[in-house]
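I have placed the structure first, in the form of structure tokens, so that the comments after it can refer back to it.
To find a chain, count down the sequence lines: A is the first, B the second, and so on, and within it residues start at 1. Because the structure is predicted, anything quoted here is derived from the model rather than measured.
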2 protein chains.
Amino acid sequence: AARAVDLVKTYAAGAARVVALDSVSIAFPAGRFTAVMGPSGSGKSTLLHCMAALDAPTSGQVFVGGTDVSTLDERQRTWLRRDRIGFVFQAFNLVPTLTAEENIMLPARLARRDPDRRWVDRVIKTVGLRDRLHHRPAQLSGGQQQRVAVARALAGRPEIVFADEPTGNLDSRSGAEVLGLLRAGVTEDGASVVMVTHDPTAAAYADRVMFLADGRLVDELSDPTA
Amino acid sequence: AARAVDLVKTYAAGAARVVALDSVSIAFPAGRFTAVMGPSGSGKSTLLHCMAALDAPTSGQVFVGGTDVSTLDERQRTWLRRDRIGFVFQAFNLVPTLTAEENIMLPARLARRDPDRRWVDRVIKTVGLRDRLHHRPAQLSGGQQQRVAVARALAGRPEIVFADEPTGNLDSRSGAEVLGLLRAGVTEDGASVVMVTHDPTAAAYADRVMFLADGRLVDELSDPTA
Ligand SMILES: Nc1ncnc2c1ncn2[C@@H]1O[C@H](COP(=O)(O)OP(=O)(O)OP(=O)(O)O)[C@@H](O)[C@H]1O
Ligand SMILES: Nc1ncnc2c1ncn2[C@@H]1O[C@H](COP(=O)(O)OP(=O)(O)OP(=O)(O)O)[C@@H](O)[C@H]1O
Ligand SMILES: [Mg+2]
Ligand SMILES: [Mg+2]
């Protein structure tokens with residue numbers, strides 16, 4: 001579904017140069033649930049942002065569904081992100097002036113797509129947001145905001161879901177609901193899921209776990225059990 | 001060190017009324033490490049914000065170090081928050097235009113206090129931020145931002161530390177460093193720590209765990225082990 005070849009991402013921060021990704025080659029198979037783990041600062045969010053065409057690599061290539069992302073112009077890249085990819089941000093990135101429901105429906109509205117209302121209702125009900133739909137983000141708890149971010153990424157039933165630590169602010173029960181939904185996307189729709197997590201219990205929902213350290217792929221584990 | 005008596009907090013959100021805290025009476029003993037757990041949306045952040053005088057309750061009383069917080073004027077409340085309380089926010093609340101180091105030192109500078117530089121250096125070293133001090137928040141990973149928020153709360157060696165899910169974005173090793181620092185504050189300084197967490201492993205560092213559900217105190221556990 002998506003892969004990276006010799007991916008490098010460096011930043012200049014004042015006098016220092018930070019190598020966030022140090023030549024990473026990684027393949028995320030279609031219709032599979034892959035977890036990515038590693039220490040804080042090891043490059044996980046950077047990897048996800050490059051894979052989802054939210055950020056341009058310093059060098060190397062990113063392929064989404066066979067397409068080299070660097071060959072797309074800005075309009076095609078926007079369409080890719082809105083139509084084929086769902087992204088759960090580590091910091092949620094909700095629109096403060098919109099309600100939870102408006103936030104959840106926004107990508108589909110921007111893409112002028114009619115979302116499957118029954119699926120959207122199922123997502124909203126499963127993550128427990130039905131009586132918070134008219135709240136704005138500032139009127140929601142941290143975990144409720146996180147669940148809005150998850151629902152927004154899943155509402156359009158995208159081919160690929162990138163989820164950056166989607167259960168970090170959730171108790172074990174709400175977390176299990178979110179992970180169950182991600183799993184359902186794979187099992188029922190054949191979606192591909194790439195999830196960054198620090199929680200081994202969450203990683204256990206994946207088919208495979210990839211480990212990053214210091215911007216490099218250092219290990220891999222198939223069929224993990226917590 | 002701090003306690004609440006019949007604490008009530010309600011919000012009006014459009015036509016609906018949300019009862020975030022439903023008459024909570026709770027005591028956080030001085031020199032103790034107390035954890036607060038409960039489902040997402042159960043009122044934990046609301047409780048911490050009321051206890052730290054960051055938010056005014058709808059009814060009920062909050063005492064910090066024996067002082068009824070509602071009897072303080074705005075200047076005294078500001079002094080209380082800056083000088084005697086350290087707060088780690090669930091969403092970090094870092095100043096985007098300041099570096100990590102400036103963010104960490106800000107409360108002490110605002111209070112015109114000279115922080116104990118050896119302690120600050122120990123905190124910075126323990127949470128692993130020594131080579132990120134001149135980065136601004138946007139140049140930091142999610143977990144690095146969280147560690148800046150932790151260091152900022154601890155830098156002034158406050159009497160009471162309120163920490164709202166301080167390890168949610170951290171791998172187990174960085175998380176253990178943060179929890180070890182919180183524990184050290186209690187053991188070495190006699191500080192009082194109140195920590196909200198969803199992680200039972202983190203709660204195991206506490207002397208006692210209080211459980212919230214639907215804005216009410218529902219259970220308590222002494223000497224928890226994971
Ligand atoms: N300004 C507001 N207006 C309306 N409702 C609010 C407001 N702020 C918070 N709430 C509601 O109050 C309840 C408690 O919120 P709180 O942030 O204390 O939960 P929490 O236990 O910290 O949850 P989490 O674990 O998700 O962080 C939630 O149901 C939330 O929707
Ligand atoms: N704009 C930037 N300028 C300089 N360095 C940056 C910038 N953005 C990120 N970094 C650095 O790149 C490294 C990787 O960051 P990234 O956000 O990918 O880590 P992460 O694995 O997601 O960590 P976490 O688990 O804490 O979220 C970090 O060390 C961070 O400090
Ligand atoms: Mg990250
Ligand atoms: Mg909270």
For the interface with chain A, which of L140(B), D171(B), T46(B), D164(B) has the highest count of heavy-atom pairs at distances below 4.5 Å?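 The residue among L140(B), D171(B), T46(B), D164(B) with the greatest pair count is D171(B).
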
Euclidean distance, F89(B) CZ relative to R152(B) CZ, rounded to 0.5 Å: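 Those atoms lie 6.5 Å apart.
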
Looking at CG of L21(A) and NZ of K44(A), how far apart are the two atoms once the value is rounded to the nearest 0.5 Å?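 Interatomic distance, L21(A) CG to K44(A) NZ, rounded to 0.5 Å: 11.0 Å.
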
Any ion pair linking R109(A) and E101(A) (charged N to carboxylate O, less than 4.0 Å)?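 Salt bridge: no.
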
Distance only, no hydrogens: is a donor on one side chain within 3.5 Å (strictly under) of an acceptor on the other, for D199(B) and T197(B)?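 Their side chains do not contain a donor-acceptor pair, so the 3.5 Å distance test is not met.
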
Between [X] and chain B, which part of the residue has a heavy atom less than 4.5 Å away: side chain, backbone, both or neither?
X       : result
S40(A)  : both
R136(A) : neither
E165(A) : side chain
S174(A) : side chain

Please confirm whether F87(B) and H49(B) have ring centers closer than 6.0 angstrom.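 Here the rings of H49(B) and F87(B) have centres that are less than 6.0 Å from each other.
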
Which one, Q146(A), R173(A), R147(A), leads in non-hydrogen pairs under 4.5 Å with chain B?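 Top count of heavy-atom pairs under 4.5 Å with chain B: R147(A).
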
